Amino acid sequence: MTISSNGHEVRVDASATSNGAAPAGERHAFDQQRAEAAVRELLLAVGEDPDREGLVRTPTRVANAYREMFAGLYTDPDEVLATTFDEDHDELVLVKDIPMYSTCEHHLVSFHGVAHVGYIPGVSGQVTGLSKLARLVDLYAKRPQVQERLTSQIADALVRRLDPRGVIVVIEAEHLCMAMRGIRKPGATTTTSAVRGLFKTSAVSRGEALDLITR
């Protein structure tokens, strides 16, 4: 569902299940030489001289940046949740305002904002480290993405790895493909949410979590 109001666009996903990730066997290593050649060709295509002083090192710099920006393609983000602790905890665990930087797969420009990630542990009471939730967001964000998929991928990873009773993920982001080109509406915010388990079936639990997130 999408709701637009006062320059804010809200998209809510409560049912997506595909994580959009390539199977582990299909991951590829980063090809530095090919990336540099592609950047050089792009500079030529836009009418620049890649051999002038200011651009000579640009293909290498851009390739190095892309290696970092797309690091989530070369690892399995779910592995950060492999370590859990038996704390016999059965209440909400919520990490708010996790800084998030990703790249829109449609125009290869940034979208950035914050992620809020929460879950209610399963009957075993297993929890993961709080920093692991931030790392999970970071690795899924470091791929060519759309915000809706990113939100679902984080939620589904928690379901797969922790077997929790409920998961809620909310991402608020500004997309530079809307701010610097196209419609040119800087400041417009897109909010997406993904809920699983108890947060999907119980309006009370969902409302309590959303209240904590928006405080």
Side-chain angles (χ1 to χ4, degrees), residues 11 13 16-24 26-32 35 61-85 92-121 126-164 166-179 189-196 199 209 212-214:
R11 304 174 191 166
D13 163 35
T17 56
S18 173
N19 70 3
E26 295 182 13
R27 289 195 197 95
H28 302 288
F30 186 83
D31 190 331
Q32 179 80 15
R61 287 190 291 261
V62 173
N64 290 340
Y66 270 43
R67 180 194 295 269
E68 180 179 349
M69 289 162 54
F70 297 140
L73 289 172
Y74 317 118
T75 186
D76 180 2
D78 293 22
E79 287 299 317
V80 302
L81 302 177
T83 301
T84 60
F85 309 94
L92 174 65
V93 178
L94 175 66
V95 179
K96 295 172 52 177
D97 298 319
I98 300 169
M100 184 279 305
Y101 297 88
S102 192
T103 303
C104 168
E105 67 180 31
H106 298 147
H107 301 97
L108 294 184
V109 293
S110 171
F111 65 95
H112 58 91
V114 294
H116 316 287
V117 180
Y119 69 98
I120 299 175
Q126 293 285 309
V127 300
T128 190
L130 300 180
S131 65
K132 305 301 185 184
L133 299 181
R135 181 63 172 155
L136 183 70
V137 171
D138 186 56
L139 284 176
Y140 272 118
K142 286 185 173 178
R143 297 178 170 191
Q145 279 286 11
V146 295
Q147 186 174 330
E148 297 91 336
R149 182 198 304 137
L150 172 61
T151 310
S152 293
Q153 285 178 328
I154 297 166
D156 291 336
L158 289 166
V159 170
R160 285 192 299 272
R161 288 291 185 163
L162 300 183
D163 193 26
V167 170
I168 184 167
V169 178
V170 177
I171 294 179
E172 304 169 80
E174 179 178 6
H175 291 245
L176 293 189
C177 58
M178 287 180 59
T189 302
T190 298
T191 301
T192 50
S193 72
V195 292
R196 305 289 185 263
F199 290 120
L212 288 172
I213 287 171
T214 56

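Sequence positions, counted from 1, serve as the residue numbers for this chain. These numbers come from a predicted model, not from an experiment.
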About how many Å separate CD1 of Ile171 and CE of Met100, when rounded to the nearest 0.5 Å? 5.0 Å
Mind listing the closest non-hydrogen atom pair of Leu73 and Pro144 along with its distance? CD1-CD, 3.9 Å
For Ala157 versus Asp78, what's the shortest heavy-atom pair and its separation? CB-OD1, 3.4 Å
State the CG-CG distance between Asp76 and Leu139, to the nearest 0.5 angstrom. 9.0 Å
Could you pull out all residues at least two apart from Thr103 that satisfy side chain to side chain donor-acceptor pair (under 3.5 Å)? none
Checking the side chain of Lys96 only, and the main-chain atoms of Leu212 only, is there a donor and an acceptor separated by less than 3.5 Å? yes
Glu174: salt bridge (charged side-chain N to carboxylate O under 4.0 Å, His left out) partners, not counting sequence neighbours: none
Here the gap from Phe111 atom CZ to His106 atom NE2, rounded to the nearest 0.5 Å, amounts to 10.0 Å
Any chance you could measure Arg161, atom CZ, to Tyr119, atom OH, to the nearest 0.5 Å? 14.0 Å
Which residue, Ile98, Thr128, Leu158, forms the side-chain contact (heavy atoms from CB on, under 4.5 Å) with Leu136? Leu158
Calculate, to the nearest 0.5 Å, the distance between atoms CG and CD1 belonging to Asp97 and Ile213 respectively. 9.5 Å
Taking all heavy atoms of Ala141 and all of Ser102, pick out the closest pair and write down the distance. O-OG, 2.6 Å
Is atom NZ of Lys142 surrounded by more than 12 heavy atoms (other residues, nucleotides or ligands) closer than 6.0 Å? yes
Check the pair Gln147 / Thr192 against side chain to side chain donor-acceptor pair (under 3.5 Å), numbers first and verdict last. CA-CA 7 Å; Gln147 186 174 330; Thr192 50; 3.1 Å; yes
Identify the heavy atoms of Phe70 and Leu108 that sit nearest to each other, and give their distance. CZ-CD2, 4.3 Å
Under 3.5 Å: donor-acceptor pair, side chain of Glu172, backbone of Thr189: no
Could you tell me whether the side chain of Leu162 reaches within less than 4.5 Å of the side chain of Gln126, counting heavy atoms only? no
Start with the C-alpha gap between Val93 and Leu130, add the side-chain angles, then the distance that decides, and say whether side chain to side chain contact (heavy atoms under 4.5 Å, CB included) holds. CA-CA 9 Å; Val93 178; Leu130 300 180; 3.8 Å; yes
Grab the two heavy atoms, one from Pro164 and one from Ile120, that are nearest each other, plus how far apart they are. CB-O, 3.1 Å
Should Asp156 and Arg160 count as an ion pair when the cut-off is N to O under 4.0 Å? no
Could I get the full list of side chain to side chain donor-acceptor pair (under 3.5 Å) partners for Gln32, not counting sequence neighbours? Glu36, Asn64, Arg67
CD on Gln145 to OH on Tyr140, rounded to 0.5 Å: 9.5 Å
Carefully, step by step, assess Leu176 and His112 under the rule side chain to side chain contact (heavy atoms under 4.5 Å, CB included). CA-CA 8 Å; Leu176 293 189; His112 58 91; 4.3 Å; yes
Parallel, tilted or perpendicular, as decided by the 30° and 60° cut-offs, for the rings of Phe30 and Tyr74: perpendicular
Can a donor-acceptor pair be found, under 3.5 Å and without considering hydrogens, that links the side chain of Arg143 to the backbone of Gly72? yes
